[in-house]
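Please read the structure below before turning to the comments.
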Amino acid sequence: MLDLKIIRENPEAVKTRLKRRGGDFKELDELLKPEEDRRLGLQESESLKNKKKKLSAEVGQLKQKGEDASELMEEVKTINISIKELDDKIQTLEQQVQETLLGIPNIPDDAIPDGADESANKMVRDWGTKPKLSFKPKNHVEIGEQLGLIDLKRAVKISGARFAVYKGQGAGLLRALINFMIDVQTRENGYEELYPPFLVNKESMQGTGQLPKFEEELFATRDDPLYLIPTAEVPVTNFHRDEILEEESLPICYAAYTPCFRREAGSYGKDTQGLIRQHQFDKVELVKFSRPEESAKELEALVENAESILKKLNLHYRVMELCAGDLGFSAAKTYDLEVWLPSQDTYREISSCSNFTDYQARRARIRSKKRTGGKPEFVHTLNGSGLAAGRLFVALLENYQQEDGTVVVPEALRPYMHGREALTL
RNA sequence: GGAGAGGUGGCCGAGCGGUUGAAGGCGCACGCUUGGAAAGCGUGUGUAGGUUUACCCCUACCGAGGGUUCGAAUCCCUCCCUCUCCGCCA
């Protein structure tokens, strides 16, 4: 959520910066009039309440003295009618303003590239080299099914399209990846592990920006007001919702493994084969709460923490800085990590690391108080995948496949697989 | 799910329907005191909104939302949460 005061003071400047995302953002103009009316009404209502308070106190005094106060009581009754009317009006206006405000995305960082879509994203760096395969690479579905690591047909039977069953060594590999990632992030990169609920309430979804605008992306439960999380970002960021944090405790860094549930509405026909785009996938998420002045630096560190997994597994990847038009709703700046997939002869997103500045913090009311005093200020929130386990599984199968159909297990992972060196029949 | 108890400021804990944003204590901050520290003494210490150059001032908030009343932390209703006991269950 953007700061209403800033919009009020300079709507055109805000609009200009938002327009880099694409779109006209004329809802900013629609905001101004009701907000103005709301404030005028509020002033009137407050002065009436002040009068009412004083009169009521007088009534009390008169009654104590045993005098007649009926005239004053009548007056207050009349005032109450006006107050009620005004407050009803104010409430309607406020709802209108809030609703509009919740539908406006974050302002892109001024320094990120212009552009309408991913074609304008900028490569920041790359790491490693493409594996030299002396044979035609198979894709992860072929490899996985031949080795009996995954069963997609039976997943369709028990759940439907975009679901997978991992089995045998495949299931073991997936679990190994999750444990490996959590260990690296908690032991080497300074994150504290959190294991949160996978079902959350509406307030949490609103806090991180999934609601109200993206309800169709979420799985909801039928009999309870709960949603399945699309990412651990939701429960972990909301961990500190409605809190005032100690400034010295910042940055707070959490790593959390959770499955993620996404309806993928509107992505029909996209990545329909294999494990790339699933309704359910596993991910280790990194979340940070930072001082505003340090969030830019923290984002760089977060990206490096995510990269460290790929480096340890010796997987070739590149780091992309997203352009304004490709940015997610709540983000001000985002780096994507894209891993090399031999079968597709291309790079695929395996992590997305963003600085949300104060946008989520304002929605979720996460503040920090300076030791030196003064008003609490909104912290900056950041998060990134560290990494998506399903896509990492894909990358491993494809990059480590051998001509004989087996898959070599990278050394860093072997301790997590009882020393196994290869996935075989 | 059933029965009972309870939800007040960073924490503990008072609070006959009338000046209580809320006693008291702890904690914290600053000052005095001290060779230094502790103790002691003094002062201060919630959040949001409005207004303002600023100080001030005003409004709201005692789990949430409604209601009664001239006036509600205090009374009534609904919901949420916590605790205890019973039931059920991994």
Side-chain angles (χ1 to χ4, degrees), chain A residues 1-10 31-102 195-207 221 223-227 235 238-250 252 259 289 358-379:
Chain A
M1 187 158 67
L2 298 180
D3 187 348
L4 189 52
K5 246 182 203 163
I6 291 176
I7 295 177
R8 220 159 61 195
E9 280 162 15
N10 204 339
L31 205 66
L32 298 173
K33 183 72 169 79
E35 168 60 8
E36 175 72 11
D37 291 346
R38 183 191 70 85
R39 277 195 302 149
L40 291 175
L42 189 63
Q43 282 172 39
E44 202 180 334
S45 163
E46 284 187 355
S47 78
L48 284 176
K49 281 176 187 164
N50 181 241
K51 192 171 173 191
K52 162 185 169 173
K53 257 184 144 176
K54 285 180 175 153
L55 290 178
S56 294
E58 277 182 49
V59 170
Q61 284 170 352
L62 287 177
K63 287 205 164 183
Q64 260 173 8
K65 282 187 260 176
E67 292 174 29
D68 176 51
S70 53
E71 205 174 307
L72 286 180
M73 283 160 67
E74 278 310 309
E75 195 177 340
V76 175
K77 268 189 181 171
T78 316
I79 291 176
N80 276 341
I81 295 170
S82 309
I83 291 177
K84 181 92 174 73
E85 254 171 49
L86 276 167
D87 283 354
D88 285 349
K89 198 177 97 189
I90 292 166
Q91 205 190 347
T92 308
L93 289 167
E94 188 164 351
Q95 269 170 13
Q96 195 183 332
V97 170
Q98 281 298 314
E99 231 165 84
T100 310
L101 209 51
L102 286 173
Y195 186 90
F198 305 156
L199 290 164
V200 301
N201 57 30
K202 198 175 162 187
E203 289 70 33
S204 294
M205 285 297 185
Q206 186 167 300
T221 56
D223 293 330
D224 298 283
L226 294 170
Y227 296 87
N238 279 282
F239 188 63
H240 289 302
R241 173 154 49 87
D242 288 313
E243 289 184 22
I244 298 178
L245 307 167
E246 293 293 330
E247 196 192 21
E248 306 89 86
S249 68
L250 302 176
I252 297 173
F289 302 83
D358 60 358
Y359 187 86
Q360 291 181 330
R362 182 171 289 107
R363 283 181 165 236
R365 295 168 302 280
I366 307 168
R367 290 166 292 174
S368 79
K369 190 164 196 165
K370 286 206 183 293
R371 198 96 188 123
T372 51
K375 287 237 164 197
E377 60 180 2
F378 290 110
V379 302

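Order of the sequence lines fixes the chain letters, A, B, ..., with proteins taken first and strands second; residue numbering starts at 1 for each chain.
Along RNA chain B, the nucleotide nearest to A:Ile244 and the one nearest to A:Arg38 differ in position, and the one closer to the 5' end is contacted by A:Ile244. In terms of position along RNA chain B, the nucleotide closest to A:Lys5 lies nearer the 5' end than the nucleotide closest to the other residue of the pair A:Lys5 and A:Val76.
Between the C1' atom of B:C70 and the NZ atom of A:Lys51 lies a distance of 14 Å, rounded to the nearest Å. What separates CD1 of A:Ile83 from C1' of B:U69 is a distance of 14 Å, to the nearest Å. When the P atom of B:C28 is taken as reference, atom CD of A:Glu248 falls 13 Å away, rounded to whole Å. Nucleotide B:G71 holds its C1' atom 18 Å from the NZ atom of A:Lys84, rounded to whole Å.
Across all strands shown, A:Arg362 has no heavy atoms under 4.0 Å from either base or sugar-phosphate atoms.
Nearest approach of A:Phe378 to A:Arg365, heavy atoms of both residues: CE2-CA, 4.1 Å. In this structure, A:Leu101 and A:Leu2 approach most closely via the heavy-atom pair CD2-O, 4.0 Å. In plain terms, the two heavy atoms of A:Pro34 and A:Gln96 that are nearest each other are CG-NE2, 3.7 Å.
Consecutive pairing runs in RNA chain B reach the stem threshold at B:1-7 with B:80-86, B:10-12 with B:24-26, B:27-32 with B:40-45, B:46-50 with B:57-61, B:63-67 with B:75-79, where a stem means at least three Watson-Crick or G-U wobble pairs with distances under 3.5 Å.
A donor-acceptor pair under 3.5 Å is formed between the side chain of A:Arg363 and the backbone N or O of A:Leu102. Formation of a donor-acceptor pair under 3.5 Å by the A:Arg38 side chain with backbone atoms of A:Glu94 is not found in this model.
Comparing B:G63 with B:U69, their C1' atoms sit 23 Å apart, to the nearest whole Å. Rounded to whole Å, the separation between the C1' atoms of B:U84 and B:G46 comes to 32 Å. B:C57 sits 33 Å from B:C41 when the C1' atoms are compared, rounded to a whole Å. Between B:A23 and B:G15, the two C1' atoms lie 8 Å apart (nearest whole Å). Atom C1' of B:C61 sits at a distance of 13 Å from the matching atom of B:A72, rounded to the whole Å. B:C88 and B:U78 have their C1' atoms separated by 27 Å, with the value rounded to a whole Å. B:G13 and B:C26 are spaced 15 Å apart, taking the P atom of each and rounding to whole Å. Distance noted for atom P between B:C75 and B:C16: 9 Å (whole Å).
Here the CD atom belonging to A:Glu35 is positioned 7.0 Å from the CG atom belonging to A:Leu31, to the nearest 0.5 angstrom. Taking CG of A:Leu245 as the start and NE2 of A:His240 as the end, the distance is 5.5 Å to the nearest 0.5 Å.
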Kindly indicate, with the supporting measurements, whether the criterion side-chain contact (heavy atoms from CB on, under 4.5 Å) is fulfilled by A:Glu36 and A:Arg8. CA-CA 9 Å; A:Glu36 175 72 11; A:Arg8 220 159 61 195; over 6 Å; no
Quick one, A:Leu72 with A:Leu62, criterion side-chain contact (heavy atoms from CB on, under 4.5 Å). Give me CA distance, side-chain angles, the key distance, then yes/no. CA-CA 10 Å; A:Leu72 286 180; A:Leu62 287 177; 3.7 Å; yes
Return a table of donor-acceptor pairs under 3.5 angstrom between the side chains of residues 85-92 of chain A and protein atoms on other chains or two or more places apart.
{"from": "A:Asp87", "atom 1": "OD1", "to": "A:Ser45", "atom 2": "OG", "distance (Å)": "2.9"}
{"from": "A:Asp87", "atom 1": "OD2", "to": "A:Lys49", "atom 2": "NZ", "distance (Å)": "3.3"}
{"from": "A:Asp88", "atom 1": "OD1", "to": "A:Lys84", "atom 2": "NZ", "distance (Å)": "3.4"}
{"from": "A:Asp88", "atom 1": "OD2", "to": "A:Lys84", "atom 2": "NZ", "distance (Å)": "3.4"}
{"from": "A:Thr92", "atom 1": "OG1", "to": "A:Asp88", "atom 2": "O", "distance (Å)": "2.9"}

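Comparing B:G50, B:A48, B:C70 by their nearest atom to the side chain of A:Asn80 picks out B:C70. Nearest nucleotide to the side chain of A:Lys63, out of B:U59, B:G50, B:C70: B:C70.
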Just the table, please: protein N/O against nucleotides 60-66 of chain B N/O, every pair under 3.5 Å.
{"from": "B:A60", "atom 1": "OP2", "to": "A:Lys53", "atom 2": "NZ", "distance (Å)": "3.2"}

So which protein N/O to nucleotides 72-82 of chain B N/O distances come out below 3.5 Å?
none

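A:Glu203 and A:Arg241 are not joined by a salt bridge, as no carboxylate oxygen comes within less than 4.0 angstrom of a charged side-chain nitrogen.
Heavy atoms of other residues, nucleotides or ligands lying less than 6.0 angstrom from CD of A:Glu71 number 12 at most.
Using a 4.0 Å cutoff on non-hydrogen atoms, the parts of residues 54-61 of chain A near RNA chain B are A:Ser56, A:Val59, A:Gly60, A:Gln61, ordered by number.
A:Ser204 and A:Asn201 are linked by a side-chain donor-acceptor pair at a separation below 3.5 angstrom, with hydrogens and angles left out of the test.
Between A:Arg8 and the phosphate of B:G50, there is a side-chain N or O to OP1/OP2 separation shorter than 4.0 Å. Neither OP1 nor OP2 of B:A48 sits under 4.0 Å from any side-chain N or O of A:Arg365. Look at A:Asn50 and you won't find any side-chain N or O under 4.0 angstrom from OP1 or OP2 of B:C58.
Results of the side-chain contact (heavy atoms from CB on, under 4.5 Å) test with A:Ser368 over A:Ile244, A:Ile252, A:Leu250 single out A:Leu250 as the only residue that passes.
A search for side-chain contact (heavy atoms from CB on, under 4.5 Å) contacts involving A:Lys202 returns A:Leu211, A:Tyr227, not counting sequence neighbours.
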